[in-house]
Structures are given as C-alpha cells and as structure tokens.
Amino acid sequence: MDKQRSSFTGKLGFVLTAAGSAVGLGNIWRFPYLAAKYGGGIFLLVYLILAVTFGFTLMAAEIAIGRKTGLSAVGAFQKLDKRFAWVGYLGAIVPMIITPYYSVIGGWVTKYFFVFASGGAEKAAGKTYFDDYIAETAEPILWFLVFVGLTALIVFFGVDKGIEKVSKVMMPVLVLMTVFIAVYIICMPGAMDGVLYYITPDFSKFSIQTVLAAMGQLFYSMSIAMGILITYGSYMKKDVNLESSVHQIEIFDTGIAFLAGLMIVPSVFVFSGGDEEALGKGAGLMFETLPKVFNSMTGGGIVGAAFFLMVFFAALTSSISLMETVVSFLGDRFGWGRKPACLAVFAFCVLLGLPSSLGYGVLDFIRIGSNTILDMFDFLANSIIMPIVAFMTSIFVGWILKPKALVDEIELTGTFKAKKLFTVIIKYIAPVCIVLILVSSLLDAFGIVTI
C-alpha cells in the first residue's frame, strides 16, 4: 500500500465512516422485518440491551486490535500471535464474498431511485415489477456495474480524500432523510397502530428465539467479524478516544435502524392493516410493499425518490467499507499499492457479482433448495464464517492475548469506563452467545428448527 499508512483526519471522520460501514441495507429492511416477526417492542428492547453490551464489546475489541497493530485483519492477527493468523484470513474472506452480491442489491436500489426520480412511481408499484426486473439480464447488470464502479472510484482515492469525505456528507444526509420520511409516514392515517406495535414491549412474546434473532442482526448490522472494524481501527489516530467513538457509532447505527422501523412497520399498517405476511417479506418489503405505499400518497413519487436515495447512501457507505477492507488486505499482505489493488478488487467483484445478478434469470436453475446464488453467498458469509470469526476473536482476546492488552490500548486517551463489562463479556458471555448463533443458523438452514 502507500508507504505511509493512510489515516482519518480525526474523530469525526472516523466515527462517520465507521457508522457508514455499519449502516446499510440490514438496518433499513432486515431490522424492521425481524422486529415485526419477533413481537415488535420486545425485539427492540432486547436488541438495545445487546447493542450496548455484547455489540459494544466486540466492536471495541476489533477497533482496538486494528489501532494497536496498525494493520488490517490478517496482518493484525499475525502480528499479535502467528498461530491465529488464519482467523484474520477467514475474516478477510467475508468482505470478498459479500461485496459482489451486496453490490448487486445496491444496483437494484439505484434502479429504484431513478425510476421514482423519473416519475415512475405507479410503474414501480406494479404487482410483479420487482420480480420481472431482477429476472432480466442486461439492465440489472448495468445498474450493478454502476454501483460497484462508484464504490471502487471512492475507494480508489483513499481514506481521507475519498472514503472520509464521502461519509462526512452521506451520513448526516442519511439521518435527516430518515427522520423526515419517518415523521411523514407516522402522520398518515392508521400509522399509529404500527408505531404502538413497534415501540411497546409485549413480554408474553419474549423467547430465546427473540434473543438469537437480535444477536444475529447485531452482527449483520454492526459490521462485526468482517475485518472492516479492524481495518478502520488501523487508520485511527492514537489521540482519538476509542470508547466514546464506539458509543457514537452505535448511536448512529441503532438510531438509523430504529427510524427505519418507524418508516416501514407503520407504513405496512397503513397499507395492509398490519398484515403479518406483508411484514415478513424481508427484502421484498422494501422493493414491493413500500412502492405501493408511496404510490398511494399525495406526492408519493417525491417521497419514494427521497427514500431510495437514502437507501442508496446507506448501501454505498457499507459497500465502500467492504471494498476498502479487501484493498487494505492486499496492500498489507502483498504490498500492492492502493490503485492497482482497487482495480483488481473491482474486477473480482464484477466476476463474482455477475452470477448473483443472473441467479434470478438465466441462472435461476442453480439453486440449493429455494436458495438462489445470491442467497447461498449470503448464508455462507453471514451464517457460517462470521460467527466462527467472532467466536475465535473472543477466545483470542479473552484467553490468549488477554483483555488487558486491548484495555491498555483503549486507555491511551483516558480511563476505560466499561473495562469490567468488556472483560466479562469477551471472556465468558460472547463465546457462548456466538456458538448459539452459529448452531441456530445451521439448524434453521437445514429445516431442523426455524427461528
């Protein structure tokens, strides 16, 4: 990579960029879908508790590892203990798998923004519009190339000139747009029933499945076990307060997820009266149900365009962080400069992303059960590799490296207020919880237990 390692200009740049990594499609469609499925308010309460304990600990550990070593995931583990270098390699594989198919979805979002911006709200609200579109060959590939090309261009210009500058603009705009659309939808007739369902805990709906689903979302949402936080930590200056930075990243991430729920759950109540089948559509909730909601509004075309522009920002900031992690790995491991590494990763993403895009059309015959090619990549990365990486990171920090090594790194700028909580969770609680996530994901995948 560059002879002198890039770095963020300060705390604001780091927080907004790391928050941009965490805030993505998972916050905007996956969080509301899980909240609806697992009891609304009770899921929200469990998630918030886990975010400030379990999520805080793993996020702080990964950022501290990156800043302590000044290296991305592979180099960091290798420097701290060569026996655990394989954990870094496994972590580096995650963004390599995710970036291509994530960019395919980013292309869908880009397409929907342009449809709404060009006055096509009624067309996008058509019953089979989404399914017909993703089954095409040429146009989804075109929008995929636009999205992954824009991601590569930003990463090409580096940390301070590219990634940080874009994040400083995108993240505040994202927050403002989310608040605006959430307020707009809440004021619609019938929306308040959805608001009450979403924010009122019903303890009769609490179960172990609620906890497992919330923990799984935590990984997906906060970029844990992808090598991203270690990479961004390596760009973090020593005089930046790490503990407060993590808290601020969590506030951004959880705040956007909460506001996304305030947009999506009440909007489905407005449109379908709170039909659970409508709430449980996953990705389809965003691409199928919400266009119908926007089309039924006065000025819905404008609101729809603003919404998908917001989702585009969220998807782009996450894809930037994913690609940057791979570029950083190539630089640290093989000594590649930023520009050739970025071009190589772009080419790789195009090659691996094409099957995911075509998996809904000409390659639809390639399936495992009902899972498309994109689904298979998603399951491999999120349900198998990431829990393994997080488990081994917890074991390594808790029992091999020892928590004190990272506590000392965090305390370079002052007392680590959550030191005791950090130590207990990283040594005892995190390993057990992560094993439960991995086992439940596998049981669910094979249809033994559905969570």
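You'll find the side chain of Thr57 stays beyond 4.5 Å of the side chain of Val424, heavy atoms only. Side-chain contact between Ser245 and Val240: present, with at least one pair of heavy atoms (C-beta onward) separated by less than 4.5 Å. Considering only heavy atoms from C-beta on, Leu145 comes within 4.5 Å of Val350 through its side chain.
Remark: the backbone N or O of Trp399 is paired with a side-chain donor or acceptor of Lys402 at under 3.5 angstrom. For the pair Ser318 (side chain) and Ala315 (backbone), a donor-acceptor distance under 3.5 Å is absent. Asn27 places a side-chain N or O within 3.5 Å of a backbone atom of Asp253 that can act as its donor or acceptor partner. No side-chain donor-acceptor contact under 3.5 Å links Tyr428 to the backbone of Gly398. No donor-acceptor distance shorter than 3.5 angstrom exists from the side chain of Asp378 to the backbone of Asp375, with no hydrogens or angles considered.
Here Ser319 pairs with Thr151 under the side chain to side chain donor-acceptor pair (under 3.5 Å) rule; sequence neighbours left out. Phe422 pairs by the ring-ring contact (aromatic ring centres under 6.0 Å, His included) definition with Phe416, not counting sequence neighbours. Contacts of Glu409 classified as side chain to side chain donor-acceptor pair (under 3.5 Å), with partners at least two apart in sequence or in another chain: Arg67, Lys238. Scanning for ring-ring contact (aromatic ring centres under 6.0 Å, His included) contacts around Tyr129 gives Tyr112, with sequence neighbours left out. In this structure Thr210 satisfies the side-chain contact (heavy atoms from CB on, under 4.5 Å) test together with Tyr38, Phe43, Val46, Ser207, sequence neighbours excluded.
In terms of heavy-atom proximity, Ile437 sits nearest to Leu212 at N-CD2, 4.3 Å.
Using a 4.0 Å cut-off between charged nitrogen and carboxylate oxygen, Lys237 and Asp239 do not count as a salt-bridge pair.
Of the candidates Asp332, Thr231, Thr325, Ser72 forms a side-chain hydrogen bond (donor to acceptor under 3.5 Å, both in side chains) with just one, namely Asp332. With Glu411 as the partner, the salt bridge (Lys or Arg N to Asp or Glu O under 4.0 Å) test is satisfied by one option alone out of Lys419, Lys68, Lys417: Lys419. With Phe114 as the fixed residue, the ring-ring contact (aromatic ring centres under 6.0 Å, His included) test singles out one of Trp143, Phe312, Phe147, Phe308: Trp143.
A distance of 4.0 Å separates OG1 in Thr254 from CE in Met222, rounded to the nearest 0.5 Å. In this structure, the separation between CZ on Phe377 and CD1 on Ile373 is 7.0 Å, given to the nearest 0.5 Å.
Each ring-ring contact (aromatic ring centres under 6.0 Å, His included) pair with one or both residues in residues 57-86, not counting sequence neighbours, appears once here: Phe77-Phe396, Phe84-Phe396.
A centroid separation of 6.0 Å or more is found between the aromatic rings of Phe156 and Phe346.
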